[in-house]
Q: 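To start, I am sharing the structure in question, which I have written as structure tokens.
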Amino acid sequence: MNAIELRDIVKQYKTTRALNGLTLEVQAGELFGLVGVNGAGKTTTLSTVMGFIRASSGTARVLGLDPWRDAPTLHAKIAWLPGDVRLPDAQTALEWLSYQASVLKLELGKVRSLAAEWDVPLDRPMRTLSKGNRQKVALLRLLASDAELLILDEPTSGLDPVAQERLMIALRERAKAGATVLFSSHNLIEVQTLCDRIAVIDAGRVVREGSVSALIGQVQTMSVWSRLEIDPSVFQDWKLERVTATHCILEGAKLLEDAVPKLLPFGIERLEFGGMGLERLLEGAHRAGLEHKNGVKT
Ligand code: ATP
């Protein structure tokens, strides 16, 4: 069953198309990460899922509901962490969390034990808290709820490595207990280690989607040293970077199966294979998007 289904979502602001035909499915119980360069459309996607903004066109179903029309019902089932956490400066964390607990029907005891575990000062005005501690306060509200869907925009922003690790463990436990977790992140290591699946968003569309290992496995690099100069026109299915006349780097899928046989006529002297980190995958997807937009054949 899908917890989230977005189909062909377009979000047009006056002059900016923030989402441009975005399609995404997240299954119930999945830990799903959205990655992409700045301005790719991650926050707009999450805001559409939350029903904070209305799509210009396309269809969205979240937990079987229409996120825009059924927003109040949906919000009772979702725990949300915004990308720009704003908390009342004058209130203490305890005052704010107590109020949130009463509105959202959270157990205050659970909030307190989480605060102790996360080392969050509860009794100081929040304007005196560090950015990381303010982020933790907002996270406590999310973690204290037993919502079936958790949506987090850049959750580790401002957190120290210990807190990042703690959050990863907490999210994993929630997913194990059956919750669906969708989050956006610039921290590729966290995405790589945590997610069941990811979607790479670029220019308002999902340009790659799948398990991290499958995505990274799809794209690889191969350094080739040859006896003869390599004719790039033979390798149009791959990105080819020429280091010298007889040394080039090929990037793409199926290098061993399809590219190596084509290299034989050039006299292969040495081959070196490299996997591709998520950073390169992201960069490659973005570059391909720009080249497509500018009409350059990749
Ligand atoms: P970042 O990683 O920097 O947070 P993002 O992937 O979350 O970026 P979005 O915030 O979704 O990207 O923005 C997508 C595009 O939509 C950007 O070009 C942004 O400038 C534009 N945009 C977002 N909100 C608005 C708005 N309210 N009015 C006009 N344009 C907007």
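Excluded from the calculations below are hydrogen atoms, water molecules and symmetry mates; all remaining heavy atoms, backbone and side chain alike, are included. First listed ligand is number 1; within each ligand, the first listed atom is number 1.
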Q: Taking side-chain contact (heavy atoms from CB on, under 4.5 Å) as the test, write out the residues that go with T92, two or more places apart.
A: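 So T92 forms a side-chain contact (heavy atoms from CB on, under 4.5 Å) with L94, E95.
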
Q: Could you tell me whether R7 and E25 make a salt bridge, using a distance below 4.0 angstrom between a side-chain N and a carboxylate O?
A: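 Judged by the 4.0 Å cut-off on N to carboxylate O distance, R7 and E25 do form a salt bridge.
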
Q: Compile the protein residues with any heavy atom at a distance under 4.0 Å from an atom of ligand 1; present them by chain, then by number.
A: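 These residues qualify: Y13, T16, A18, V37, N38, G39, A40, G41, K42, T43, T44, H186.
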
Q: Consider only side-chain N and O atoms of S57 and K11, and report whether a donor and an acceptor are under 3.5 Å apart.
A: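 Result is no, nothing qualifies.
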
Q: So that I can tick it off, tell me whether D89 and R134 are bridged by a salt bridge, with the cut-off set at under 4.0 angstrom between side-chain N and carboxylate O.
A: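 Looking at R134 and D89, the cut-off is met.
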
Q: Provide the closest heavy-atom pair for L250 versus A259 in the form atom of the first, atom of the second, distance.
A: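 Looking at all heavy atoms of both residues, the shortest contact is CD1-CB, 4.2 Å.
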
Q: In sequence, state the C-alpha distance, the side-chain angles, and the governing distance for T23 and L6, and then conclude on side chain to side chain contact (heavy atoms under 4.5 Å, CB included).
A: CA-CA 5 Å; T23 292; L6 303 178; over 6 Å; no

